[in-house]
Amino acid sequence: MRRGLDRHVSDRVISDVEVLHPRAIRRHLPGAADFSTRLKGLPMVAAQRRGKYLWVELGEDLAMLAHLGMSGQMLVQPSGTPDEKHLRVRIRFADDGPELRFVDQRTFGGLALAEVVEKDGARLPEPIAHIARDPMDPDFDLDAAVRALRARKSEVKRALLDQTLVSGIGNIYADEALWRTRLHGTRPASGLTKALATELLKHATDVMHEALDQGGTSFDALYVNVNGQSGYFDRSLNAYGQENEPCGRCGTSIVREAFMNRSSFSCPVCQPKPRASRVSRGTARRPA
DNA sequence: CTTATGACCTGCAAGC
DNA sequence: TGCTTGCAGGTCATAA
């Protein structure tokens, strides 16, 4: 999506901004009128990304920050195209070319104007200065990420999903990386060896690269690029969403477990639960 | 400081 | 058919 934005909106001057749903700019505290007024007349310079956040540089240390949440889309549409049902923000350009539309069914995503600040040698919108580099970042420090992960006193899947340790990993890629590493998500992060934690992050990186090569992971029409096309990575999933499907390694049925009000998918044989196995080995007794 | 929990939304599929 | 329930890819404020 960043690439698509860069290609379609860079060097174009904003002429008009329409906020059709206030919740879409809730993170922009000065409100919709301020958001629209300040954007007007500014050039979109380049599209940037860190983790799941996307932003467009507007020059002068200002950026339009975006997060797609769970259902957000950025679409480039010829003006006159009928409004999408969940169109939240429309940005028109002075060249009268295609407009940029933020469409978001569930409104978990949103846009905001933000100051660009310097943080650890990177230029970032201030509201996301706490977000860690993602594995695609040229300056990503694998050893530092491994240290951060292993310093966590929580289950490893929680740690993987913590965007302040490593960014870009969500529920799908976490489950896939854990499957590849043969780890159950409830293993304590601090209990992983350095080698295992490194392997886990390498698998996460591989998964993301493979997904990107295929245009992203899409289950339905909600997940599309700026041209409205969806990716095909969902056809390559080994764990996520594969409940009752055979594990690609051992054939055992993949199981689904509740996790933080959502789901985790894993192979019960390849990815044994830590406590259960320890308890049964150490303390299980059979009557004589 | 770290870690865990619920809230924020809409739409869809499954079950009754 | 129509209602209810559960679930969905994420983040953040708040509480412990």
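Reminder, nothing fancy here: chain letters follow the sequence lines and each chain counts from 1.
Salt bridge absent: A/Asp16 and A/Arg90 never bring a charged side-chain N and a carboxylate O closer than 4.0 Å. Using a cutoff of 4.0 Å between basic side-chain nitrogens and carboxylate oxygens, A/Glu18 and A/Arg92 are scored as salt-bridged. One finds no salt bridge joining A/Lys194 and A/Asp143 here, because no Lys/Arg side-chain nitrogen approaches an Asp/Glu carboxylate oxygen to under 4.0 Å. We find that A/Lys273 and A/Glu257 are joined by a salt bridge, their nearest charged nitrogen and carboxylate oxygen being less than 4.0 Å apart.
Comparing B/dT3, C/dG10, C/dC7 by their closest approach to the side chain of A/Lys153 singles out B/dT3. Among C/dT11, B/dT3, B/dT5, the nucleotide with an atom closest to any side-chain atom of A/His67 is C/dT11. Looking at the side chain of A/His130, the nearest of the listed nucleotides C/dC12, C/dA8, B/dT5 is C/dC12.
Using a 3.5 Å distance cut-off with no hydrogens or angles, the side chains of A/Asp104 and A/Ser71 do pair a donor with an acceptor. A donor-acceptor contact closer than 3.5 angstrom links the side chains of A/Ser236 and A/Gln214.
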Please tabulate the protein-to-nucleotide N/O contacts below 3.5 Å involving nucleotides 13-16 of chain C, giving atom names and distances.
none

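With a 3.5 Å limit on both pairing distances and Watson-Crick or G-U wobble geometry required, the stems of 3 or more pairs in DNA chain C span B:2-8 with C:10-16, B:10-16 with C:2-8.
For the pair A/Asp104 CG and C/dG10 P, the interatomic distance rounds to 13 Å; values are reported in whole Å. C/dG10 atom P lies 12 Å from atom CD1 of A/Ile131, rounded to whole Å. If you take CZ of A/Phe265 and C1' of C/dC7, they are 10 Å apart, rounded to a whole angstrom. Across the protein-nucleic acid pair, A/Leu237 atom CG and C/dA8 atom P stand 14 Å apart, rounded to whole Å. Atom pair A/Leu160:CG and B/dT3:P shows a separation of 14 Å (rounding to whole Å applied). The distance from atom CD of A/Gln163 to atom P of C/dC12 is 9 Å, rounded to the nearest whole Å. Between the P atom of C/dC7 and the CZ atom of A/Arg256 lies a distance of 6 Å, rounded to the nearest Å.
Two residues are said to be in side-chain contact when any heavy atoms from C-beta on lie closer than 4.5 Å; A/His28 and A/Leu111 fail this criterion.
Both tests hold for A/Arg106 against A/Phe108: distance to the six-membered ring centre under 6.0 Å, angle to the ring axis within 45°.
Annotation: B/dG11 and C/dT11 have their P atoms spaced 22 Å apart (nearest Å).
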B/S/- along nucleotides 6-12 of chain B (protein heavy atoms under 4.0 Å) is --BBBS-

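Contact check, A/Arg27 against C/dC12: a side-chain N or O comes under 4.0 Å of OP1 or OP2.
At least one donor-acceptor pair closer than 3.5 Å links the side chain of A/Asp175 to the backbone N or O of A/Phe265. Proximity of a side-chain donor or acceptor of A/Arg50 to a complementary backbone N or O of A/Ser167 within less than 3.5 Å is not detected.
The shortest non-hydrogen separation linking A/Leu165 to A/Ala148 is CD2-CB, 3.9 Å.
The one candidate from A/Asp96, A/Asp6, A/Asp95 that meets the salt bridge (charged side-chain N to carboxylate O under 4.0 Å, His left out) condition with A/Arg12 is A/Asp95.
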